[in-house]
Amino acid sequence: MAEYKHTLNLPKTKFPMKANLAQREPEQIKKWEAMKLYDKLREGNKGKPVFVLHDGPPYANGDIHLGHAVNKILKDIIVKSKTMAGFDAPYIPGWDCHGLPIELQVEKKVGKAGKKVSTSEFRAACRKYATKQVDGQRSNFKRLGVISDWDHPYLTMDFKFEADIVRALGKIIENGHLHKGAKPVHWCADCGSSLAEAEVEYEDKSSPAIDVRFAILDMEALKTRLEHIDHKHLCDDVSVVIWTTTPWTLPANQGVAVNPGLEYSIIKCSGAGEECLILASDLVEACTKRYEVNDIHVVGTCSGEALENLKLKHPFYDREVPVILGDHVTLEAGTGCVHTAPGHGQDDFIVGQKYHLKVDNPVGPNGVFVEGTPLFAGKHVFKANDDVLEVLRTNNALVHAEKLLHSYPHCWRHNTPIIFRATPQWFISMDQKNLRADAMKQIKETTWLPEWGQARIESMVEGRPEWCISRQRTWGAPIALFVHKQTEEIHPRTIELIEQVAQQIEQKGIDAWYELDVKALLGDEADDYYQVKDILDVWFDSGVTHYVVMNQREGVEDYPVADLYLEGSDQHRGWFQSSLLTSVAMTGTNAYKAALTHGFTVDEKGHKMSKSRGNGVEPTKLSNTLGADILRLWVAATDYRGEMTFSNEILKRIADAYRRIRNTSRYLLANLDDFDPEIHKVAIDKMVSLDRWAVARTHQLQQELEEAYSNYEFHKIYQKVHNFCAGDMGSFYLDVIKDRIYTMPTDSQARRSAQTAVFHIVEAMVRWFAPVLSFTAEEIWKFLPGERTESVFFSEWYAFPDIPKDEYGMDLDYWNQVIEVRDVVNKELEALRTAGEIGANLQAEVELYCGREIFDLLNRLEDELRFVFITSTTKLYIAGEPPKEAQHVTLSSNDEIWIAVSASEHQKCERCWHYREDVGANAQHETLCGRCIENIDGDGETRLYA
RNA sequence: GUGAAGAUAGCUCAAUGGGUAGAGCAACUGUCUGAUAAACAGUGUGUUUCGGGUUCAAGUCCCGUUCUUCUCGCCA
């Protein structure tokens with residue numbers, strides 16, 4: 001039976017069907033390292049136009065999560081696709097290494113800096129810890145197939161980097177943006193440090209909400225203000241009532257603010273004793289209800305303005321505080337009278353300055369009332385709340401107390417409530433040298449993708465407060481300033497001194513600042529100045545990577561502005577902004593030409609992935625089970641502009657799609673087993689028409705893909721490549737050419753023609769998905785016939801041969817029409833099959849009755865039409881009188897066609913499986929058709945079209 | 001609570017300046033056994049989150065709603 005099977009050219013390949021990615025990928029990574037792929041790419045691409053995607057540094061702490069993987073894979077896809085598009089695209093990875101999260105981890109191990117260990121020992125431990133974290137994350141990123149300069153990353157803790165951070169600060173000072181202030185800032189008692197806006201998160205907290213009497217001291221003054229009301233209704237005791245959720249700030253109270261434009265009521269309550277309370281008129285009802293007093297009588301009303309400068313008694317200290325006016329007072333909650341502690345609130349501070357109120361801050365850095373604070377010294381503020389309540393009760397100042405659940409700022413690292421605390425801090429001013437305005441201009445000069453990113457960052461920069469860059473911590477770059485002990489002015493030679501300090505830091509790291517020989521630096525002035533011991537906000541570190549890396553590092557040394565920054569959408573508030581601000585402050589222009597953002601990963605319910613929800617996914621674990629290419633394909637397939645949904649079902653679909661792409665590649669390779677392009681490649685104008693179509697169609701798709709790559713629309717690439725594999729290739733072209741490749745003489749032109757097309761297709765295809773399925777592409781690359789470079793990444797998009805106008809007029813449009821007819825024929829064949837009359841299509845014969853146009857169209861294929869339909873016989877007729885059993889179909893061109901299908905009555909050729917009349921006609925080959933005999937014994941058949 | 005973005009078949013994505021909602025995958029059914037832990041063929045599927053409005057006509061424009069994500073926030 002297998003007599004003729006050996007005369008066929010069946011597909012053959014060692015390319016494995018089963019991907020086995022988990023095992024193969026690590027081997028490939030080793031090969032990339034061994035061949036020094038990254039270095040060779042830099043060398044080989046020298047002189048090409050440069051494209052720089054500047055890597056935003058992940059924080060060097062903890063294992064990478066899916067979000068990290070998404071970010072790095074997207075960057076990798078872009079860098080690789082740019083490389084294949086003919087750019088020199090260096091990719092220097094970085095890590096953010098200073099900062100509190102690392103300090104906290106190290107504290108757990110060695111104890112607090114300056115207590116159990118010296119600060120320099122502590123810094124050494126931090127450096128060691130960060131190094132380890134970088135190593136861990138780096139191997140995780142490598143495992144994802146990301147190609148980058150892994151051996152030479154930039155670390156913000158490199159001595160050179162640390163020195164350059166200080167230099168960057170110097171540049172910003174030189175440009176006049178530094179500002180020293182003492183306003184209240186977010187303060188974390190656990191950190192013992194100020195926090196930036198970005199380090200604050202709002203969470204629900206239960207606080208005491210209390211109403212407190214501030215008795216009016218000067219009744220005569222009050223009466224003067226209230227001339228229009230009958231004074232006899234006034235009680236002896238009149239109090240302004242404030243409402244607060246932070247009782248612990250009362251010791252620092254310096255006034256009570258009312259809104260000048262609001263109306264206030266003096267109400268008389270009769271209870272245990274008679275008293276009068278002053279409340280905003282609109283809040284009287286809510287307040288008295290809260291106080292549970294029923295018997296009330298409104299004595300009179302007045303504007304808030306009328307109360308200005310009335311003297312009040314502090315509820316428990318022997319202190320007179322004034323009534324002051326402020327527009328920030330609203331009717332949203334409380335009493336309309338606001339307790340004002342300038343040291344503990346931003347509005348309080350601002351309004352306090354107008355009235356020259358004392359900025360009292362009795363709270364130490366650890367959140368404990370300092371020694372000498374009457375009644376509360378030594379108590380932690382949140383614990384002191386109860387004590388304050390007790391004291392208020394004792395002093396009969398407490399009107400009401402309850403619990404309130406409200407949104408309250410928390411430290412993003414400790415997750416503990418933070419406080420406002422007025423301390424001397426360093427700021428980058430947004431306005432003293434027009435930083436805000438200049439940054440706003442630069443935002444307009446920058447491309448934001450998606451577009452709404454611009455509106456987002458504009459609103460942020462427009463409204464943000466000045467940037468508090470000082471931290472009272474240990475592990476970070478120093479604010480290397482000398483401040484005059486008397487004048488509090490920074491040293492006049494600051495810029496010069498900073499450079500000298502930077503040079504020392506470059507040699508010894510940040511410890512150089514603390515071991516500094518101040519005398520040597522300042523000479524006789526040394527005693528007049530103190531050295532600032534605050535460190536810089538870590539956001540400053542990462543914010544100046546544009547200065548430290550771009551324009552300095554090899555590969556990007558002549559390149560001051562990055563083409564692209566690519567981060568999660570949260571970085572509008574983070575790195576995009578810190579980079580923008582520092583860059584504008586230093587140079588006047590932005591550090592990047594375009595900012596591209598991706599969304600966050602969410603689970604199948606659309607909820608974000610987080611540790612606490614337990615719905616997170618470990619990318620490394622995924623790589624080691626399903627393979628990094630599956631993960632990469634998911635990243636590419638997902639429209640990252642919105643949320644990126646990850647679920648088991650999605651992953652399953654992705655794995656299915658992967659198998660389809662892989663298998664298509666495998667089949668293409670299998671048909672090239674005996675093909676050597678040097679010897680067998682058929683010139684494009686000598687190819688069979690259908691093969692030329694296949695090349696043209698592939699070329700057309702490549703153009704679409706190149707555009708999608710340059711627009712960073714990877715999900716389109718996924719869709720198009722997949723559809724190409726399943727549609728154009730699987731269900732049409734590859735199915736049709738089987739007959740030619742399998743049954744025609746090995747070296748026949750028509751067979752080599754098909755192989756030539758397959759060769760062009762796989763050459764193109766392997767490049768298309770190399771940026772995404774890097775491991776698989778590399779694997780295919782090795783199986784491709786012909787001379788090969790070491791890696792697919794040394795090549796650019798495939799250069800197709802110029803396709804001449806088809807001599808038979810069979811262009812893309814032509815074949816699209818044929819395919820449409822093929823589809824309707826297939827439907828009829830399916831009906832025949834369902835009826836049990838045929839099995840395979842080759843068992844069928846087809847008769848088509850059509851109008852002149854379609855007839856001419858199909859007739860151009862002559863007898864080869866049957867190969868396009870994969871049927872044994874196809875006959876064409878001018879419509880006339882179609883038989884009754886013929887199915888009538890209207891094509892999209894409005895042309896009509898009648899289709900009659902039937903099972904063939906002929907014998908099946910053992911070799912080509914067609915059912916032909918001439919099977920058995922030749923006595924020497926009783927089971928073969930004439931075509932097969934010609935193909936094995938004769939010169940072989942001729943094919944022109946399909 | 002603010003601002004922004006999104007919500008279209010089970011999944012991933014489409015749908016030019018408003019004109020009968022489309023692909024692929026999955027599912028199901030069948031075929032083949034010369035891509036075989038494959039391949040081919042055929043078959044459905046949607047109150048386009050929901051509710052209004054404008055219009056001859058709305059996934060598309062307007063108003064509102066719900067949910068999600070990012071973001072902001074002195075409830076003192």
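Chain A is the first sequence line, chain B the second, and so forth, proteins listed ahead of strands; every chain is numbered from 1.
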### Message
Please report the distance, rounded to the nearest Å, between NE2 in A/His607 and C1' in B/A7.
### Response
14 Å
### Protein-nucleotide distance (A/Asp739, atom CG; B/A35, atom C1'), rounded to Å
16 Å
### Message
Could you tell me how far B/C72 sits from B/A58 if I compare only their C1' atoms? Round to whole Å.
### Response
34 Å
Protein-nucleotides 21-24 of chain B N/O pairs closer than 3.5 Å?
from: B/A23; atom 1: O2'; to: A/Asn723; atom 2: ND2; distance (Å): 3.0
from: B/G24; atom 1: O4'; to: A/Asn723; atom 2: OD1; distance (Å): 2.9
from: B/G24; atom 1: O2'; to: A/His722; atom 2: ND1; distance (Å): 2.7

### Query
Rounded to whole angstroms, how far apart are CD1 on A/Ile870 and C1' on B/A35?
13 Å
### Message
Treating primed atoms plus P, OP1 and OP2 as sugar-phosphate and everything else as base, which nucleotides of nucleotides 42-48 of chain B get B, S or - for protein heavy atoms under 4.0 Å?
### Response
SS-----
### Message
Please give the distance between the C1' atoms of B/G73 and B/U60 as a whole number of Å.
### Response
35 Å
### Query
When the distance from CG of A/Asp639 to C1' of B/U8 is rounded to whole Å, what number comes out?
14 Å
### Message
Between A/Val381 and A/His344, is there a side-chain heavy-atom distance shorter than 4.5 Å?
### Response
no
#### Entry: Salt-bridge contact A/Glu830-A/Arg833 (side-chain N to carboxylate O under 4.0 Å)
yes
### Query
With respect to the side chain of A/Ala840, which nucleotide from B/C32, B/U69, B/U36 is positioned closest?
B/C32
### Query
Which word best sums up how the rings of A/Phe576 and A/Trp448 line up, parallel for under 30°, tilted for 30 to 60°, or perpendicular for over 60°?
perpendicular
### Query
So what does A/Pro184 touch, heavy atoms closer than 4.0 Å: a base, only the sugar-phosphate, or nothing?
nothing
### Query
With a 4.5 Å heavy-atom cut-off, do A/Gln843 and A/Glu837 have their side chains touching?
no
### Nearest atoms (heavy-atom pairs only) where A/Leu705 meets A/Val721
CD1-CG2, 4.0 Å
### Query
How would you label the contact of A/Lys716 with the nucleic acid (heavy atoms, under 4.0 Å): base, sugar-phosphate, or nothing?
nothing
### Atom-to-atom span, CD of A/Gln571 to C1' of B/U69 - whole angstrom
15 Å
### Query
Between B/A39 and A/Arg660, is there an OP1 or OP2 to side-chain N/O distance shorter than 4.0 Å?
yes
### Message
Side chain of A/Trp243 only, heavy atoms from C-beta on: which candidate in B/U31, B/U71, B/A76 is closest?
### Response
B/A76
### Message
Mind checking if A/Ala657 touches a base, just sugar-phosphate, or nothing, with heavy atoms under 4.0 Å?
### Response
nothing
### Query
Roughly how many Å is it from CG in A/Asp603 to C1' in B/U69, rounded to a whole number?
12 Å
### Query
With respect to the side chain of A/Asn663, which nucleotide from B/U36, B/A26, B/A35 is positioned closest?
B/A35
Output one line per pair: protein atom, nucleotide atom from nucleotides 2-5 of chain B, and distance, for all N/O pairs under 3.5 Å.
from: B/G3; atom 1: N2; to: A/Arg456; atom 2: NH2; distance (Å): 2.9

### Task
Please check the phosphate of B/A38 (OP1 and OP2 only) for any side-chain N or O of A/Arg659 closer than 4.0 Å.
yes
### Task
Kindly assign one of parallel, tilted or perpendicular to the pair A/Tyr718 and A/His722, based on the angle between their ring planes and the thresholds 30° and 60°.
parallel
#### Entry: B/U48 versus B/C11 - spacing of their P atoms, nearest Å
16 Å
## Note on the structure
Those residues at least two apart in sequence (or on a different chain) that pass side-chain contact (heavy atoms from CB on, under 4.5 Å) with A/Phe600 are A/Ser569, A/Asp570
### Query
Nearest nucleotide by nearest heavy atom, which residue falls closer to the 5' end of RNA chain B, A/Glu649 or A/Gly599?
A/Glu649
### Query
Just to confirm, is there a sub-4.0 Å distance from OP1 or OP2 of B/A39 to any side-chain nitrogen or oxygen of A/Arg666?
no
### Query
Can a salt bridge be assigned to the pair A/Asp639 and A/Arg641 using a cut-off of 4.0 Å between side-chain N and carboxylate O?
yes
### Task
Mind calculating the distance between CG (A/Asn253) and P (B/C74) to the nearest angstrom?
20 Å
### Message
Which label fits A/Trp575 and A/Tyr565: parallel for a plane angle under 30°, tilted from 30 to 60°, or perpendicular past 60°?
### Response
parallel
### Message
Between B/G44 and B/C61, how many Å separate the two P atoms, rounded to a whole number?
### Response
31 Å
#### Entry: Pairing pattern in dot-bracket form [Watson-Crick, G-U; both distances under 3.5 Å; | = partner strand] for RNA chain B
(.(((((..((((.....[..)))).(((((.......)))))......((((..]....)))).))))).)....
#### Entry: Nearest-Å distance once atom C1' is located in both B/A14 and B/G46
15 Å
### Nearest listed nucleotide, side chain of A/Ser569, among B/U69, B/G34, B/C70
B/C70
### Query
Nearest to the side chain of A/Val338, which nucleotide is it out of B/C11, B/A41, B/A76?
B/A76
### Message
B/C70, OP1 or OP2 - any side-chain N/O from A/Lys608 closer than 4.0 Å?
### Response
yes
### Task
Can you label the angle between the A/Phe420 ring and the A/His186 ring as parallel, tilted or perpendicular, going by 30° and 60°?
tilted
### Shortest non-hydrogen separation from A/Pro247 to A/Leu389 and the atoms involved
CG-CD1, 3.9 Å
### Task
Verify the neighbour count for atom CG of A/Asn20: are there more than 12 heavy atoms of other residues, nucleotides or ligands below 6.0 Å?
yes
### Task
Rounded to whole angstrom, note down the P distance from B/U43 over to B/U47.
22 Å
### Message
Please verify the inter-ring angle class for A/Tyr640 with A/Phe714; under 30° counts as parallel, over 60° as perpendicular, anything in between as tilted.
### Response
tilted
### Query
Any idea which heavy atoms bring A/Leu250 and A/Ile242 closest together, and the distance?
CD2-CD1, 4.4 Å
### Query
Minimum heavy-atom separation for A/Ala401 to A/Ile210, with atom names?
CB-CG2, 3.7 Å
### Query
Does A/Thr245 make a side-chain N or O approach to OP1 or OP2 of B/A76 shorter than 4.0 Å?
yes
#### Entry: Nearest-Å distance for atom pair CH2/C1', residues A/Trp575 and B/C70
19 Å
### Task
Name the nucleic acid region contacted by A/Thr638, choosing base, sugar-phosphate or nothing; use a 4.0 angstrom heavy-atom cut-off, strictly under.
sugar-phosphate
### Query
A/Arg662 near the nucleic acid: base, sugar-phosphate alone, or nothing, with a heavy-atom cut-off under 4.0 Å?
nothing
### Query
Do any side-chain nitrogens or oxygens of A/Tyr667 fall under 4.0 Å of OP1 or OP2 in B/U36?
no
#### Entry: Integer angstrom distance from the C1' of B/U45 to that of B/U2
41 Å
### Message
Could you tell me how far B/U20 sits from B/A57 if I compare only their P atoms? Round to whole Å.
### Response
15 Å
### Message
Base, sugar-phosphate or nothing for A/Leu8? Non-hydrogen atoms, less than 4.0 Å.
### Response
base
### Message
With a 4.0 Å cut-off on N to O distance, would you call A/Glu779 and A/Arg662 a salt bridge?
### Response
yes
### Query
Can you tell me if the side-chain N/O atoms of A/Lys18 get under 4.0 Å from OP1 or OP2 in B/A37?
no
### Query
Touch check for A/Thr246, heavy atoms < 4.0 angstrom, all strands: base, sugar-phosphate only, or nothing?
sugar-phosphate
### Task
Using a 4.0 Å heavy-atom cut-off across all strands, classify A/Gly839 as base, sugar-phosphate, or nothing.
sugar-phosphate
### Message
Counting only heavy atoms from other residues, nucleotides and ligands, does the tally under 6.0 Å from CD of A/Glu451 exceed 12?
### Response
no
### Task
Quick one: list whatever passes ring pair (Phe, Tyr, Trp, His ring centres under 6.0 Å) with A/Tyr264, sequence neighbours left out.
none
